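Numbered from 1 within each chain, the chains take letters A, B, ... in sequence-line order. What you see is a predicted model; the values in this text were computed from it and never measured.
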Amino acid sequence: MKYAIYLGCAIPIKYPGFEAATRNVCERLGIDLVDLPFACCPPPTSLKMVHYDSWLALAALNLCMAEEAGLNLMTLCSGCVNTLKEANQTLKKSDSKRRKVNRILEEQNHHFKGTIEVTHILDVLYQDSVIEKLIKEKVREIPLKVGCHYGCHYFRPPKIMYPEELSEAESYVPVKMDHLLSIIGMEPTEYSRKFLCCGSPLGANSDQDAGYAIVKEKLRHIRERNIEALSVICPSCFEQFDMGQIALSRKFKDLVKVPTFYLTQLIGLSLGMSTKEVGLDVHRVKSKKLLEGIGIS
Amino acid sequence: MTVKIWNFFPREALYECYQCARCTGSCPALEVASALGPRETILKCLNLGHDEIVEDEKLWVCCTCNVCEDRCPQKIPISDLLVALRNSAARRGNIPDKLEIAIELLAKTGRSMIVHQLDEMRAHHGLAPLLPVPVDEVREILKKTRLDEVVEF
């Protein structure tokens with residue numbers, strides 16, 4: 001099993017611990033990763049809103065790099081997977097858009113052919129063969145009540161992100177992260193507003209305080225269910241919860257903070273990796289006490 | 001330069017809307033900030049055309065979460081409408097400062113984030129330096145698609 005690993009911008013630059021955890025986990029579970037000189041995806045929350053044609057052409061450049069290497073592309077971020085999946089689908093379907101983009105790419109010696117698929121680390125880990133390996137390789141359980149947060153762009157809009165394995169008659173909210181974490185002994189717990197926005201794009205594009213107000217409301221529901229840890233698959237969601245809780249606690253002194261983890265950090269811990277190996281030492285909301293309570297240091 | 005958005009969004013789809021406001025009732029941005037909300041956006045497009053709406057700064061107060069489209073009983077492709085409207089707004093100079101700065105950074109460096117003391121930070125996590133982005137190719141592609149007509153870089 002081999003993928004071109006698409007790191008995006010936020011993970012390798014701001015949260016390289018997620019990257020380290022992912023690489024370690026993939027190595028242990030027999031997933032080979034190849035690095036290519038990818039550019040920004042670019043985000044569905046920024047360039048797409050400002051200039052669709054530029055957004056599509058730049059996404060096509062990234063897709064071409066993976067095509068040229070003959071590899072499917074695995075992303076680590078809900079935003080990146082949204083852009084690259086939509087662009088891939090659009091360019092495969094629309095002859096006119098593909099012609100237009102290829103006229104520009106050909107000057108840079110690239111040509112979009114439509115030969116690869118785009119996927120996300122969560123979907124890669126959820127495959128039967130990987131889960132079987134995880135069950136065999138895991139050395140400890142992580143008995144914590146966990147709230148999963150998928151990130152809107154991982155599953156919306158459905159016309160792009162709807163999983164191929166489901167029939168259109170089925171209603172769809174993602175469940176894969178909840179299932180995976182139950183395999184490593186966590187207790188996935190539902191909470192109100194689980195499938196609504198973390199507030200990140202609102203903060204980034206217009207109003208930071210409004211973005212954090214969304215986090216505050218979400219946290220209220222998360223704490224109501226006595227959730228001890230949050231799991232995310234997107235660096236923007238992570239930032240909202242990690243930095244967001246620090247910012248909110250300056251204003252609201254009685255705020256009880258909930259440590260947030262990137263999915264592969266939790267999988268890594270269950271495979272016996274140390275907290276440093278999965279990069280937990282740089283998180284702002286500390287998880288040391290929580291993890292020591294279940295014998296992980 | 002004025003660009004009619006109907007090249008990018010099927011105008012007929014607007015007439016499917018019966019103003020049930022399920023979209024606006026689900027909108028996380030509208031709950032915490034002064035936003036237009038999808039229902040009002042569609043109504044204004046129907047009644048006033050899109051010229052007026054693209055001048056409104058509130059058009060940008062949005063999470064881009066697409067929950068509106070997800071919950072629309074009429075299956076109106078609202079996310080496509082919002083992209084088309086904002087593309088048109090940006091072309092007329094209606095674009096939030098923060099977003100303009102972010103796009104400029106992307107066009108100049110090929111990344112959405114400033115790379116600063118990166119190797120040291122990556123080494124802390126046992127990671128190799130990041131592969132360089134082909135910045136010249138990125139800039140050329142963005143020039144050819146005429147991004148510089150909207151954001152200078």
Inset, instruction - For the pair A/Ser46 and B/Ile103, evaluate side chain to side chain contact (heavy atoms under 4.5 Å, CB included) and give the outcome as yes or no after the intermediate values. - result: CA-CA 7 Å; A/Ser46 68; B/Ile103 304 283; 4.2 Å; yes

Legend entry - Region of B/Ala29 in contact with chain A, defined by heavy-atom distances below 4.5 Å: both

Inset, instruction - Look at A/Pro12, A/Ala57, A/Cys41 and state which one has the largest set of heavy-atom pairs under 4.5 Å with chain B. - result: A/Pro12

Legend entry - Value rounded to 0.5 Å, distance of CG in A/Asn205 from CG in B/Asp97: 12.0 Å

Legend entry - A/Arg23 portion near chain B, given a 4.5 angstrom heavy-atom threshold: side chain

Inset, instruction - Sort B/Ile141 into side chain, backbone, both or neither according to what part of it lies under 4.5 angstrom from a heavy atom of chain A. - result: both

Inset, instruction - Take A/Arg156 and B/Val67 through the side chain to side chain contact (heavy atoms under 4.5 Å, CB included) test and state the conclusion after the steps. - result: CA-CA 7 Å; A/Arg156 288 195 198 101; B/Val67 72; 3.7 Å; yes

Legend entry - Side-chain touch B/Met121/A/Pro16, heavy atoms, less than 4.5 angstrom: yes

Inset, instruction - Please state whether the side chain, the backbone, both or neither of A/Glu277 comes within less than 4.5 Å of a heavy atom of chain B. - result: neither

Inset, instruction - For chain A, find which of B/Val151, B/Leu85, B/Leu106 contributes the most heavy-atom pairs closer than 4.5 angstrom. - result: B/Leu106

Inset, instruction - Check whether any side-chain heavy atom of B/Val32 sits under 4.5 Å from a side-chain heavy atom of A/Leu202, and report yes or no. - result: yes

Inset, instruction - Can you tell which part of B/Pro28 gets under 4.5 Å to a heavy atom of chain A, answering side chain, backbone, both or neither? - result: both

Inset, instruction - Identify which part of B/Val150 has an atom lying under 4.5 Å from any heavy atom of chain A, answering side chain, backbone, both or neither. - result: side chain

Inset, instruction - Let me know if B/Cys63 has heavy atoms under 4.5 Å from chain A in its side chain, its backbone, both or neither. - result: both

Legend entry - Pairwise distance CG(A/Leu7) to CG(B/Leu130) - rounded to 0.5 angstrom: 6.5 Å

Legend entry - Portion of B/Arg139 that has a non-hydrogen atom of chain A nearer than 4.5 angstrom: neither

Legend entry - Heavy-atom pairs under 4.5 Å with chain A, option from B/Arg86, B/His125, B/Lys75, B/Lys143 with the top count: B/His125

Legend entry - Separation of A/His153 NE2 from B/Ser79 OG (nearest 0.5 Å): 9.0 Å

Legend entry - Pairs of heavy atoms under 4.5 Å with chain B: top-ranked of A/Gly199, A/Ser54, A/Cys152, A/Ser206: A/Ser54

Legend entry - Part of A/Ala60 within contact of chain B (heavy atom distance under 4.5 Å): neither

Legend entry - Neighbour count above 12 (heavy atom, 6.0 Å) for B/Glu52 CD: no

Inset, instruction - Measure the CZ-CZ distance between B/Arg111 and A/Phe38 for me, rounded to the nearest 0.5 Å. - result: 11.5 Å

Inset, instruction - Would you name the heavy atoms of B/Met113 and A/Ala10 that are closest together and state the gap between them? - result: SD-CA, 3.7 Å

Legend entry - A/Gln108 side chain near B/Asp136 side chain, heavy-atom distance below 4.5 Å: no

Inset, instruction - Could you tell me which non-hydrogen atom of B/Leu131 sits nearest to which non-hydrogen atom of A/Pro37, and how far apart they are? - result: CD1-N, 3.8 Å

Legend entry - Residues, nucleotides or ligands: over 12 heavy atoms within 6.0 Å of B/Glu57 CD: no

Inset, instruction - Check whether any side-chain N or O of B/Asn87 sits under 3.5 Å from a backbone N or O of A/Lys48 as a donor-acceptor pair, and report yes or no. - result: yes

Inset, instruction - Below 4.5 Å from any heavy atom of chain A, which atoms of B/Glu31 appear? Answer side chain, backbone, both or neither. - result: side chain

Legend entry - Proximal component of A/Leu196, with respect to chain B [non-hydrogen, under 4.5 Å]: side chain

Inset, instruction - Measure distances from B/Ser26 to the heavy atoms of chain A and classify the residue's part below 4.5 Å as side chain, backbone, both or neither. - result: backbone

Legend entry - Approximate separation, where rounding is to 0.5 Å, of A/Met49 CE and B/Thr64 OG1: 5.0 Å

Inset, instruction - List the steps, then state whether side chain to side chain donor-acceptor pair (under 3.5 Å) holds for A/Asp281 with B/His124. - result: CA-CA 10 Å; A/Asp281 53 333; B/His124 171 79; 2.6 Å; yes

Legend entry - Audit row: A/Lys159, B/Glu69, side chain to side chain contact (heavy atoms under 4.5 Å, CB included) steps and yes/no: CA-CA 10 Å; A/Lys159 65 175 183 265; B/Glu69 178 170 320; 2.7 Å; yes

Inset, instruction - Among A/Gly17, A/Gly8, A/Pro42, A/Ala213, single out the residue with the greatest number of heavy-atom pairs under 4.5 Å to chain B. - result: A/Gly17

Inset, instruction - Measure A/Leu105 against the heavy atoms of chain B and call it side chain, backbone, both or neither at under 4.5 Å. - result: side chain

Legend entry - Side chain / backbone / both / neither for B/Ser112 at chain A, heavy atoms under 4.5 Å: both

Inset, instruction - Measure B/Leu142 against the heavy atoms of chain A and call it side chain, backbone, both or neither at under 4.5 Å. - result: both

Inset, instruction - Among A/Met65, A/Arg103, A/Lys100, A/His110, single out the residue with the greatest number of heavy-atom pairs under 4.5 Å to chain B. - result: A/His110

Legend entry - Enclosure of A/Glu27 CD (heavy-atom neighbours >12, cutoff 6.0 Å): no

Legend entry - Contacting region of A/Pro158 [heavy-atom separation from chain B under 4.5 Å]: side chain

Inset, instruction - Could you tell me which non-hydrogen atom of B/Leu99 sits nearest to which non-hydrogen atom of A/Thr45, and how far apart they are? - result: CD1-O, 4.3 Å

Inset, instruction - Give the member of B/Ile78, B/Leu82, B/Val133 that has the highest number of heavy-atom pairs under 4.5 Å with chain A. - result: B/Val133

Legend entry - chain A contacts, top residue of B/Ala35, B/Cys65, B/Ala90 (heavy-atom pairs, under 4.5 Å): B/Cys65

Inset, instruction - Take B/Leu147 and A/Leu47 through the test side chain to side chain contact (heavy atoms under 4.5 Å, CB included) and record every step on the way to the result. - result: CA-CA 9 Å; B/Leu147 175 63; A/Leu47 189 58; 3.9 Å; yes

Legend entry - Pick from A/Ser200, A/Pro44, A/Cys198, A/Pro157 with the largest number of heavy-atom pairs that fall under 4.5 Å of chain B: A/Pro157

Inset, instruction - Using modelled atom types only, decide if a donor and an acceptor are shared between the side chain of B/Lys144 and the backbone of A/Val101 within a distance under 3.5 Å. - result: no

Inset, instruction - Measure A/Val278 against the heavy atoms of chain B and call it side chain, backbone, both or neither at under 4.5 Å. - result: neither

Legend entry - Region of B/Glu137 that comes under 4.5 Å of a non-hydrogen atom in chain A: both

Inset, instruction - Answer whether the closest heavy-atom distance between the side chains of B/Arg122 and A/Glu19 falls below 4.5 Å. - result: yes

Legend entry - Rounded distance [0.5 Å steps], OH in A/Tyr52 versus OG1 in B/Thr145: 12.5 Å

